[in-house]
Amino acid sequence: MSGVIVTDPPKARARDVDALAAFGVATVGEAMGRTGLLGPGIRPVQQGVRVAGTAVTVLGWPGDNLMIHAAVEQCGEGDILVVTTTSPCQDGLFGELFATALARRGVRGAVLNTGIRDTRELRDMGFAAWSRAVWAQGTVKATGGSVNVPIAIDGQVIEPGDVILADDDGVVVVPRERARETAARSAAREAKEAATRAAFAAGELGLDRYGLRDTLQRLGVEYRTYEEHRAREARGEPDR
């Protein structure tokens with residue numbers, strides 16, 4: 001497998017990345033029309049951490065972390081390393097030593113569509129990471145690949161320089177051209193949710209706030225007392 005290392009991809013603006021960092025993955029995914037989310041198999045190795053940064057992408061070979069070594073050189077302040085392989089891989093491609101090198105360069109975290117190891121050490125050093133699996137299995141460094149090229153994880157295409165936002169709920173990718181727009185839409189959604197939260201705290205029901213009683217009626221959902229329901233059951237009358 002040959003490959004290429006792209007050294008100067010465009011990136012989302014730092015102020016847009018920082019604006020997105022104020023919101024959760026769920027909020028941003030909803031603000032983009034329920035798009036951009038990586039699958040539920042990508043999980044954090046820590047809890048209570050949210051990071052946002054620009055993607056440095058890696059396409060490597062399963063069981064081989066050579067291209068992660070190459071990618072470290074291309075990583076800088078505010079980046080997030082994003083790794084996938086040409087076929088499924090659960091081996092521990094990434095661990096404490098990589099995290100040490102990346103932290104020195106100002107990298108905010110790593111997202112791997114593979115395995116990860118040294119998870120306790122990563123938590124202890126405060127390096128945020130999300131991965132497909134946790135496994136101590138080691139790797140080789142023998143096969144070429146690519147850095148800073150478009151990659152796909154769980155059906156989401158990630159371009160170098162896109163915004164990666166990750167928290168306890170998972171990972172979302174925001175195309176760099178949409179970062180500013182998505183931050184604005186996320187702020188609007190957050191304000192709307194704050195108003196709804198206050199209404200719920202005051203006792204309002206979602207059925208009324210969202211107009212869902214009409215939806216229930218349209219779908220033929222009935223309200224019955226317990227005695228009415230038991231009587232219908234006794235008569236063998238099916239629910240409509």
Side-chain angles (χ1 to χ4, degrees), residues 3-22 25 38 42-46 48-61 64-85 89 91-132 134 138-151 153 158-167 170-176 179:
V4 62
I5 298 172
V6 180
T7 61
D8 55 351
K11 297 181 179 182
R13 297 179 301 180
R15 63 176 177 269
D16 294 333
V17 176
D18 292 341
L20 285 166
V25 165
L38 304 193
I42 304 289
R43 301 302 306 149
V45 302
Q46 68 285 307
V49 174
R50 179 190 298 160
V51 297
T54 44
V56 172
T57 60
V58 178
L59 177 63
W61 197 258
D64 191 314
N65 65 8
L66 172 63
M67 298 315 296
I68 299 180
H69 283 280
V72 171
E73 184 181 25
Q74 305 306 318
C75 289
E77 188 73 33
D79 286 334
I80 291 181
L81 183 73
V82 186
V83 179
T84 193
T85 48
C89 173
D91 297 347
L93 266 64
F94 184 96
E96 175 193 7
L97 296 180
F98 274 135
T100 300
L102 292 173
R104 173 66 177 79
R105 303 177 77 87
V107 173
R108 295 176 177 175
V111 174
L112 294 100
N113 190 29
T114 67
I116 200 171
R117 63 183 187 178
D118 302 335
T119 55
R120 177 176 178 176
E121 289 79 4
L122 295 177
R123 288 190 292 271
D124 288 346
M125 67 186 292
F127 189 87
W130 286 255
S131 69
R132 177 73 60 184
V134 174
T139 61
V140 300
K141 303 164 181 59
T143 312
S146 294
V147 175
N148 280 332
V149 299
I151 61 174
I153 299 177
I158 303 170
E159 300 272 355
D162 284 349
V163 182
I164 301 296
L165 178 69
D167 62 16
V171 181
V172 64
V173 54
V174 181
R176 64 181 181 84

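Residue numbers start at 1 and run along the sequence shown.
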What's the separation between atom [atom1] in [X] and atom [atom2] in [Y], rounded to the nearest 0.5 Å?
| X | Y | atom1 | atom2 | answer |
| --- | --- | --- | --- | --- |
| Trp130 | Leu38 | CH2 | CG | 11.5 Å |
| Arg108 | Thr54 | CZ | OG1 | 7.5 Å |
| Ile68 | Leu93 | CD1 | CG | 4.5 Å |
| Ile164 | Leu20 | CD1 | CG | 11.0 Å |
| Asp162 | Ile80 | CG | CD1 | 11.5 Å |
| Asp91 | Arg117 | CG | CZ | 9.5 Å |

**Asked** Above 12 or not: heavy atoms from other molecules or residues under 6.0 Å from CD of Glu121?
**Response** yes
**Asked** Which heavy atom of Ile116 sits nearest a heavy atom of Ala129, and at what distance?
**Response**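 Shortest heavy-atom separation between Ile116 and Ala129 comes out as CD1-CB, 3.5 Å.
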**Sole candidate of Leu81, Asn65, Thr114 that passes side chain to side chain contact (heavy atoms under 4.5 Å, CB included) when paired with Phe94** = Leu81
**Request:** Could you check Val107, Val82, Val147, Val72 and say which one makes a side chain to side chain contact (heavy atoms under 4.5 Å, CB included) with Val56?
**Result:** Val147
**Check: Thr84 side chain, Leu59 main-chain N or O, donor-acceptor pair, under 3.5 Å** =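 No, because the side chain of Thr84 does not come within donor-acceptor range (under 3.5 Å) of the backbone of Leu59.
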**Request:** Please examine the side chains of Ile5 and Asn148, heavy atoms only from C-beta on, and report whether any two atoms are closer than 4.5 Å.
**Result:**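 No; the side chains remain at least 4.5 Å from each other.
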**Request:** Answer whether the closest heavy-atom distance between the side chains of Thr7 and Gln74 falls below 4.5 Å.
**Result:**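 Thr7 vs Gln74: side chains touch.
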**Asked** Could you give all pairs that pass the salt bridge (charged side-chain N to carboxylate O under 4.0 Å, His left out) test and reach residues 74-85, with sequence neighbours left out?
**Response**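 Sorted pair list: Lys11-Asp79.
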**Request:** Name all pairs fulfilling the salt bridge (charged side-chain N to carboxylate O under 4.0 Å, His left out) condition that reach into residues 94-106, sequence neighbours left out, sorted by first residue then second.
**Result:**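 The answer is none; no pair qualifies.
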